[in-house]
Amino acid sequence: MPSPLAVARGLLSRSPVDGFVLAILGTVVLAAFLPARGDAADVLDWVVVAAIALLFFLYGTRLHPREALEGLRHWRLHLTILTFTFVVFPIVGLVLRPLVEPIVGGGLAAGLLFLCLVPSTVQSSIAFTSIARGNVPGAIVSASASNILGVALTPLLVVALMTTQNGVQIDATSVLKILGQILLPFIVGQLARPWVGAFFSRHARATKLVDRGSIVLVVYSAFSEGVREGIWSMVDASQVVAVAAIAMVLVAVMLVVTRWVPRRLGFDRADVIAIQFCGTKKSLATGLPMATVLFAGPTVGLIVLPLMIFHQIQLIMCSWLATRYSRDSEAVTAP
């Protein structure tokens, strides 16, 4: 008879909800009932700073510069994906914000705009492209380039497009935080890659735990601060449901646009699939630490909540689409 732990793992493996997202949601619940306070909160703040720096150091050790240089030959593919990520999405976010603010409130509306400014995911974009029989090498280069460029572009877009309302504070201190907690560790990771890259590759599972543990810490810290400052008095269930509905529509619209436009531009099926899955994703792993660095006050929790909801919805919808593409490909190639 299987153990309860084995049964739980089996249920999680068949669940459409990503286990990492379940951990994050559990962390939100924990912060709601047991937020860090007093000295514990001060210690947690320093731990989060170290965790963010470690996270971007690990990103730097993983992304091989040669991969990006070799993949740049397919510049039309990468330019199209980056345009969707850092041009089309921000425009959509700007148009969406005044429309949804009366429904979800200023903090969540700012969060919806912020999620439109963060880079694409890496792992899930590549995984879904592979499942759908798309251009996997192109997805690897484009998703990696999105995260490399996003370290600089996302803070610049926040400065340019987000106002100082709702706790958004961008000044010299914020710039120093970006350099010290995100860009500098990433550069150090790139420089250290020849010496430590193989070690981290051999211990990929432990590295993954560090990644996800860092994000969980960021979530707990952000929502603990929000609870201390009364975040849940600022949002109700109807607003959360509205954000989820908006996120579903946003994912669906972007999936349609990222398929229609590339086909009109003459891309083949494999490239269109890569553009769809890289051009519609938004990275929770990168966006949450950036939000902690860029934003101040209790509204950090409100700003990251739409990204957390969007992340789960994009996984579910893209998983369904990738599976459908895979079945269509098998039907075409079957004798």
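Given the structure is predicted, the values throughout are model-derived calculations rather than measurements.
Lys282 pairs with exactly one of Leu250, Thr85, Val251, Thr121 by the side-chain contact (heavy atoms from CB on, under 4.5 Å) rule, that one being Thr85.
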Open item on the list: Run the side chain to side chain contact (heavy atoms under 4.5 Å, CB included) test on Leu77 and Phe267 for me, step by step, so that the C-alpha distance in whole Å, both residues' side-chain angles and the decisive distance to 0.1 Å come before the verdict.
Closed with: CA-CA 8 Å; Leu77 173 71; Phe267 286 99; 4.3 Å; yes

Task: Residues Phe277, Thr258; criterion side chain to side chain contact (heavy atoms under 4.5 Å, CB included); working and verdict - done: CA-CA 9 Å; Phe277 289 121; Thr258 53; over 6 Å; no

TODO: Carefully, step by step, assess Phe310 and Ile246 under the rule side chain to side chain contact (heavy atoms under 4.5 Å, CB included).
DONE: CA-CA 9 Å; Phe310 183 91; Ile246 293 166; over 6 Å; no

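A donor-acceptor pair is defined here as one N or O able to donate and one able to accept, closer than 3.5 Å; no such pair exists between the side chain of Tyr220 and the backbone of Leu30. Side-chain atoms of Ser146 come within 3.5 Å of backbone N or O of Ser120 as a donor-acceptor pair. Checking side-chain atoms of Ser326 against main-chain N and O of Ala322 turns up no donor-acceptor pair under 3.5 Å. Glu101 contributes no side-chain N or O that, together with a main-chain N or O of Pro98, makes up a donor-acceptor pair within less than 3.5 Å.
Arg37 CZ: more than 12 foreign heavy atoms inside a 6.0 Å radius. With a 6.0 Å radius and a threshold of 12 heavy atoms from other residues, nucleotides or ligands, Met248 has its CE atom at or below the threshold.
Annotation: side chain of Leu265 is in contact with side chain of Arg76 (closest heavy-atom distance under 4.5 Å). Within the 4.5 Å cutoff, no side-chain heavy atoms of Leu82 are placed close to those of Ser142. Looking at Phe128 and Gln276, their side chains never come closer than 4.5 Å, going by heavy atoms from C-beta outward. Under the 4.5 Å side-chain criterion, counting only non-hydrogen atoms from C-beta, Met162 is in contact with Leu113. Counting heavy atoms from C-beta on, the side chains of Leu153 and Pro119 never come closer than 4.5 Å. Side-chain contact check for Leu117 versus Phe89: every heavy-atom pair is 4.5 Å or farther apart.
Shortest non-hydrogen contact noted between Pro306 and Leu108 is CG-O, 3.6 Å. Closest heavy-atom contact between Cys116 and Gly93: SG-CA, 3.7 Å. Heavy atoms only, all atoms of each residue included: Ala132 and Arg269 are closest at O-NH1, 3.6 Å.
Under the 6.0 Å distance and 45° angle rule, Arg133 does not count as a cation-pi partner of Tyr325.
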